[in-house]
There are 2 protein chains.
Amino acid sequence: MRLSKRGEYGLRAMIALAEPEENGNAPQMMQIKDISAREKIPSKYLEQILLTLKNSGFLHSKMGIGGGYYLAKPAQDITLGQIFRLLDGPVAPIKCVSQIAYEPCNCPDERTCGLRLVMGDVRNAIANILDNTTLADVVNRQNIIRKQLYG
Amino acid sequence: MRLSKRGEYGLRAMIALAEPEENGNAPQMMQIKDISAREKIPSKYLEQILLTLKNSGFLHSKMGIGGGYYLAKPAQDITLGQIFRLLDGPVAPIKCVSQIAYEPCNCPDERTCGLRLVMGDVRNAIANILDNTTLADVVNRQNIIRKQLYG
DNA sequence: TCTAAAGCATACTAAAATAATAGACTTTAT
DNA sequence: ATAAAGTCTATTATTTTAGTATGCTTTAGA
């Protein structure tokens, strides 16, 4: 059940972009190279990923000197599930339980297929987490733990 | 978050082997070709998978004419998680939250890494289902639905 | 207005994983 | 003896993944 590097990098970048600046709370603008350096992501690869995120409406960008990327929407309006599906495809472990990419499996009887029933549960469990966790939730959680650990 | 064909075929085969015979409740012996035909799995590929399951102690076999495979343990003692991990590897979406294949991720601070926290939840959600569902549970569930649908 | 810094876009490629297929061997019932 | 079954290992074709490469466009500022 792996998350691809592509998905991992994309999620990391979006979380980084959702983190408020030290001084204020404004959604910050960051350059590819900043994210790349901080998250240790190959910058040319990250470029592709951010472009995809932009073309799908999750990011806005500013070109030219002093440019960079910033969230197209407030962090609480972007879920991890949206980012995941864009970069990694359907959440479902098996097509016959996918909401967005359904295909019949070739078991004798789909309705009573035990594997399908269980994988449906798995899909729902994953989707429940990813679709109900926003970038803001993640940042919040990070901050709580930081406080617990470092005061 | 895909389940590989290998994993899918292995799980289907194990579930088939856990289904009681029409007459009694004895764990049945089935031949590769039977499973292959019923579940529409390429038989040579299935052969490999069943061998792996056998060499890991989940199946026993009988060679020669009239031979076949049968569960090495009662169906309620084999979990889907065990089969999954054998054929598909770790359940965790990302190494740094894996119980059986941990590796550090290269985020700045692993303890406060938001992605890691969420993916830890995902891992636990998946593992909770797969490790607490036995072959017997699956067969049971199938039977309940069969009764509901076909009386 | 020139230039450098940034993002935009697409093409390409190396390596790994996946999903098989092939073929020769061993065991066992009849 | 032989045919039916599992055992074992090697090979292969395809796809996916993870990245590189290259040229283009936009923009700020000297």
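Each chain gets a letter, A, B and so on, in the order the sequences are listed, and its residues count up from 1.
- The salt bridge (Lys or Arg N to Asp or Glu O under 4.0 Å) check on R141(A) picks up D121(B), with sequence neighbours excluded.
- Near-neighbour residues of DNA chain C inside residues 91-102 of chain A, defined by a heavy atom below 4.0 Å, are absent.
- Taking every heavy atom of both residues into account, A125(B) and I129(A) meet most closely at CB-CD1, 3.8 Å.
- Residues passing the salt bridge (Lys or Arg N to Asp or Glu O under 4.0 Å) test with R85(A) are D131(A), sequence neighbours excluded.
- Partners of R116(B) under the salt bridge (Lys or Arg N to Asp or Glu O under 4.0 Å) rule, at least two apart in sequence or in another chain, are E110(B).
- The stretch residues 50-57 of chain B touches DNA chain D through L51(B), K54(B), N55(B), each having a heavy atom within less than 4.0 Å of the strand.
- Under the side-chain contact (heavy atoms from CB on, under 4.5 Å) criterion, N143(B) pairs with V139(B), R146(B), not counting sequence neighbours.
- The interatomic distance linking Y69(B) (OH) with dA4(D) (P) rounds to 18 Å, in whole Å.
- Between I41(A) and K5(A), every side-chain heavy-atom pair lies at or beyond the 4.5 Å cut-off.
- The interatomic distance linking K62(B) (NZ) with dG6(D) (P) rounds to 11 Å, in whole Å.
- Comparing atom distances between the I65(B) side chain and each of dA4(D), dT7(D), dA5(D) picks out dA4(D) as nearest.
- With sequence neighbours excluded, the residues satisfying side-chain contact (heavy atoms from CB on, under 4.5 Å) with T134(A) are Q76(A), T79(A), A136(A), D137(A).
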Contact list (N/O, under 3.5 angstrom) for nucleotides 17-23 of chain D vs protein:
residue : atom : partner : partner atom : Å
dA18(D) : OP1  : R2(A)   : NH2          : 3.4
dA18(D) : OP1  : K5(A)   : N            : 3.4
dA18(D) : OP2  : K5(A)   : N            : 3.0
dG19(D) : OP2  : Y9(A)   : OH           : 3.0
dT20(D) : O4   : Q48(A)  : NE2          : 2.3
dT22(D) : O4   : K44(A)  : NZ           : 2.5

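- In this structure N55(A) satisfies the side-chain contact (heavy atoms from CB on, under 4.5 Å) test together with L51(A), sequence neighbours excluded.
- Of all nucleotides in DNA chain C, those with any atom nearer than 4.0 Å to a heavy atom of chain A start and finish, going 5' to 3', at dA4(C) to dA11(C).
- Taking atom CE on M29(B) and atom C1' on dA4(D), their separation rounds to 12 Å, with Å as the unit.
- Looking at D77(A), its side chain never comes within 3.5 Å of a backbone N or O of P74(A) through a donor-acceptor pair.
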Got a list of side-chain donor-acceptor pairs under 3.5 Å for residues 89-101 of chain B, not counting sequence neighbours?
residue : atom : partner : partner atom : Å
K95(B)  : NZ   : E103(B) : OE2          : 3.4
S98(B)  : OG   : I100(B) : N            : 3.3
S98(B)  : OG   : A101(B) : N            : 2.9

Mind running side-chain contact (heavy atoms from CB on, under 4.5 Å) on L115(B) and V138(A) for me, showing each step along the way?
CA-CA 7 Å; L115(B) 184 63; V138(A) 176; over 6 Å; no
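- By the 4.5 Å heavy-atom criterion applied to side chains, V122(A) and L3(B) are not counted as neighbours.
- Considering only residues two or more places apart in sequence or on other chains, E39(A) meets the salt bridge (Lys or Arg N to Asp or Glu O under 4.0 Å) condition with none of them.
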